[in-house]
Amino acid sequence: MYTPEKEFYIAHCDNGPINIIGKMANRHGLVAGATGTGKTVTLQVIAESFCQAGVPCFMADMKGDLSGISQPGKLSGFIEKRMPEFGIENPQFQGCPVRFFDVYGEQGHPMRATISQMGPELLARLFELNEIQSGVLTIAFRIADERGWLLDDLKDLRSLLDYISKHASEYVTQYGNIATASVGAIQRAILRLEDQGGNQFFGKPEFDIYDLMQCEGGKGIMNVLAADKLMLKPKLYSTFLLWLMSELYSTLPEVGDLDLPKLVFFFDEAHMLFDDTSKAMVDKIEQVIRLIRSKGVGIYFVTQSPTDIPETVLGQLGNRVQHALRAYTPKDQKAVKTAADTFRPNPAFKTDETIMNLETGEALVSFLDEKGAPSIVERAKILFPLSQIGAITEGQRDSIIKGSRIYGKYDKALDRESAFEVLLKEMEKEAKAEEEAKAEAEKEKEKAKEEKNKKPGLIRRILKAIATAVTAAIASIIGTKVSDAVSGKKTKSRTSAGSKITKSATQAATRQITRDILGNLIK
């Protein structure tokens with residue numbers, strides 16, 4: 001509940017109201033507790049308080065319960081019992097202006113990002129790549145940037161990887177080895193993501209984060225992400241929200257400390273963000289959380305135990321609400337002690353024992369004071385929300401979606417000319433050139449075959465000419481001998497006859513060979 005003093009009345013203890021100070025609301029926070037202890041209601045109370053102050057919020061709705069924030073609440077026996085404790089006589093039940101979003105576009109406006117926006121670092125996390133494979137993905141992005149190829153969706157990335165695999169030798173000296181096995185691993189990761197519905201998330205038009213930072217009727221709009229289906233794909237869910245935080249950080253201008261934050265970001269099931277996350281990625285998350293405060297954005301993690309959050313990140317969360325924890329195992333007992341140690345002790349009770357004895361709707365609460373220091377922890381009861389507790393009907397959801405000012409802005413996917421189309425033309429061009437080169441090679445092969453066939457023909461003609469000449473010479477000599485015999489002339493010796501035959505045949509063959517060679521040259 002937003003107060004005239006620019007504070008957010010969230011809980012009540014024996015010492016009175018417990019408020020989040022407006023200018024400290026962007027110092028981030030934590031809502032923790034076991035299942036069924038009231039975390040979702042606490043999140044709803046805090047969010048609608050920001051709404052009343054004109055501060056928009058973004059929250060993931062895991063079970064559909066948060067959709068009720070769009071409708072006015074109703075008086076119940078439980079609320080009537082709590083009203084005197086909170087000093088509230090006549091609660092003004094009211095809903096909040098809400099926009100529903102859904103990565104899959106089924107229960108809200110689609111939220112898309114381009115492959116270029118996501119970047120190689122977040123994609124490597126999403127694809128669960130090792131260091132070498134991540135390096136190949138980074139090279140692919142660098143080549144796309146240099147060539148001016150737009151990376152919008154998964155088919156663009158797939159085409160790019162296929163291209164660099166076929167042209168790896170051209171980039172070895174400049175970027176290093178591009179192993180076919182690494183490219184294959186990335187392609188398989190893309191296939192797995194496609195099976196999880198990744199095609200619906202990556203593409204155009206990309207989401208404009210300024211659509212999260214709007215007000216309506218003086219109230220901040222509550223941007224509710226339908227995540228019941230998305231949370232079944234933990235890597236996609238956490239990478240998507242990390243991308244959203246990174247976009248906020250990189251896009252928003254520096255504003256310093258404000259009286260009220262510009263946007264509050266609730267990260268439900270926060271442990272998913274850190275499961276199987278490398279130290280480098282945790283360092284990046286810590287950097288974003290630490291610096292995004294100066295952009296006027298507050299981030300509140302919602303999870304079961306503070307131990308789900310790395311200590312380096314946990315140290316950045318100043319506003320804390322701790323619901324009950326159960327200690328059934330030694331590990332649970334350690335988690336209870338860790339949670340207790342994160343609070344500034346209250347001499348009135350033992351923090352670790354109290355955590356295990358909190359009732360539903362009760363919590364240990366510590367918010368930052370005006371100087372930014374944590375206040376002494378108090379055992380308190382969380383206020384009841386003024387909006388509806390529980391899910392709304394499909395008809396109500398559909399009516400809110402169609403009545404939104406951004407209805408139709410993201411609903412239809414666009415497929416512009418990007419890397420896929422450019423590389424398709426490139427491959428067609430290469431295929432055509434390869435076909436032409438193949439045809440030319442076949443032509444040269446046929447020509448060589450013809451030349452080869454011409455040489456034996458010439459030799460046969462030469463031998464034939466020699467045989468003809470020899471035969472003619474022999475016939476001439478024999479004819480001469482017969483004539484001499486008839487006329488009574490003396491016949492020469494066999495040796496002289498042989499010499500004459502050889503000489504005559506040689507001269508005749510030489511003349512025939514010369515004619516054949518000259519004939520071939522003229523041809």
Side-chain angles (χ1 to χ4, degrees), residues 1-10 19-29 43-61 66-73 91-102 108-111 205-226 241 244-245 247-249 251-267 292-300 319 383 385-388 392 396-397 399-411:
M1 182 181 297
Y2 187 55
T3 69
E5 292 80 20
K6 292 186 178 181
E7 296 181 346
F8 303 98
Y9 181 21
I10 304 299
N19 304 321
I20 297 178
I21 299 174
K23 64 181 180 179
M24 294 294 164
N26 66 333
R27 301 296 178 92
H28 312 317
L43 188 160
Q44 189 169 338
V45 168
I46 296 174
E48 69 178 21
S49 299
F50 286 125
C51 171
Q52 296 164 12
V55 178
C57 298
F58 177 87
M59 62 197 79
D61 188 6
L66 286 174
S67 60
I69 201 171
S70 62
Q71 307 297 320
Q92 301 297 312
F93 293 102
Q94 54 186 302
C96 303
V98 171
R99 285 179 185 165
F100 291 112
F101 294 95
D102 185 358
H109 306 293
M111 297 186 79
E206 68 268 40
F207 185 72
D208 182 358
I209 62 166
Y210 284 102
D211 281 336
L212 297 178
M213 307 177 66
Q214 297 181 3
C215 296
E216 192 174 287
K219 294 182 177 181
I221 292 178
M222 301 290 99
N223 302 282
V224 180
L225 175 70
L241 292 185
L244 201 55
M245 286 193 297
E247 280 294 296
L248 289 168
Y249 169 69
T251 304
L252 296 179
E254 293 277 346
V255 294
D257 289 327
L258 302 173
D259 290 338
L260 293 171
K262 296 171 66 175
L263 175 71
V264 174
F265 191 101
F266 291 95
F267 202 136
I292 203 171
R293 176 185 64 81
S294 63
K295 305 295 183 85
V297 177
I299 297 175
Y300 287 69
N319 300 303
L383 263 66
L386 298 176
S387 55
Q388 174 182 312
I392 61 175
Q396 289 173 316
R397 179 185 292 269
S399 177
I400 292 172
I401 293 171
K402 291 181 178 178
S404 170
R405 285 185 294 177
I406 64 171
Y407 179 66
K409 182 176 181 179
Y410 301 109
D411 296 84

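Gln71 pairs by the side-chain contact (heavy atoms from CB on, under 4.5 Å) definition with Gln388, Ile392, Gln396, Ile400, not counting sequence neighbours. Asp211 meets the salt bridge (charged side-chain N to carboxylate O under 4.0 Å, His left out) test with Lys409; sequence neighbours excluded. Applying the side-chain hydrogen bond (donor to acceptor under 3.5 Å, both in side chains) criterion to Ser404, with sequence neighbours excluded, gives His109. Legend: residues meeting side-chain contact (heavy atoms from CB on, under 4.5 Å) with Asn19, ordered by chain and number and at least two apart, are Glu7, Tyr9, Pro17. Looking at residues two or more places apart in sequence or on another chain, you find no salt bridge (charged side-chain N to carboxylate O under 4.0 Å, His left out) involving Glu247. Checked against side-chain contact (heavy atoms from CB on, under 4.5 Å), Met24 has the following partners two or more places apart in sequence or in another chain: Ile21, Arg27, Leu368. Under the side-chain hydrogen bond (donor to acceptor under 3.5 Å, both in side chains) criterion, Thr251 pairs with no residue at all, not counting sequence neighbours. Not a single side-chain hydrogen bond (donor to acceptor under 3.5 Å, both in side chains) links Gln92 to another residue, sequence neighbours left out. For Tyr2, the ring-ring contact (aromatic ring centres under 6.0 Å, His included) criterion is met by Phe8, not counting sequence neighbours. With sequence neighbours left out, Pro4 forms a side-chain contact (heavy atoms from CB on, under 4.5 Å) with no residue at all. For Thr3, the side-chain hydrogen bond (donor to acceptor under 3.5 Å, both in side chains) test picks out Glu5, with sequence neighbours left out. For the salt bridge (charged side-chain N to carboxylate O under 4.0 Å, His left out) test, no residue two or more places apart in sequence or in another chain qualifies with Arg397.
Taking 4.5 Å as the limit, every side-chain heavy atom of Met222 sits out of range of all side-chain heavy atoms of Arg99. Inter-residue side-chain proximity for Pro261 and Val297 is flagged as unmet; no heavy-atom pair is nearer than 4.5 Å. Between Asn26 and Asp257 there is a side-chain heavy-atom pair separated by less than 4.5 Å. Inter-residue side-chain proximity for Cys96 and Gln44 is flagged as unmet; no heavy-atom pair is nearer than 4.5 Å.
Of all heavy-atom pairs spanning Leu263 and Phe58, the tightest one is CD1-N, 4.3 Å. Minimum heavy-atom separation, Leu258 to Gly296: CD1-CA, 4.5 Å. Taking both residues in full, the closest heavy atoms of Cys51 and Pro97 are given as SG-CD, 3.8 Å, listed atom of the first, atom of the second, then distance. Considering all non-hydrogen atoms of both residues, Ile69 and Ala47 come closest at CD1-CB, 4.2 Å.
Asp61 contributes a side-chain N or O that, together with a main-chain N or O of Ser67, makes up a donor-acceptor pair within less than 3.5 Å. Listed for the Lys295 side chain is a donor-acceptor partner under 3.5 Å among the backbone atoms of Leu252. Between the Glu48 side chain and the Leu386 main chain, a donor and an acceptor come within less than 3.5 Å of each other. At least one donor-acceptor pair closer than 3.5 Å links the side chain of Asn223 to the backbone N or O of Cys57. The closest donor-acceptor contact from the side chain of Asn319 to the backbone of His28 lies under 3.5 Å.
Aromatic rings of Phe101 and Phe207 (six-membered ring for Trp) have centroids within the 6.0 Å cut-off, being under it.
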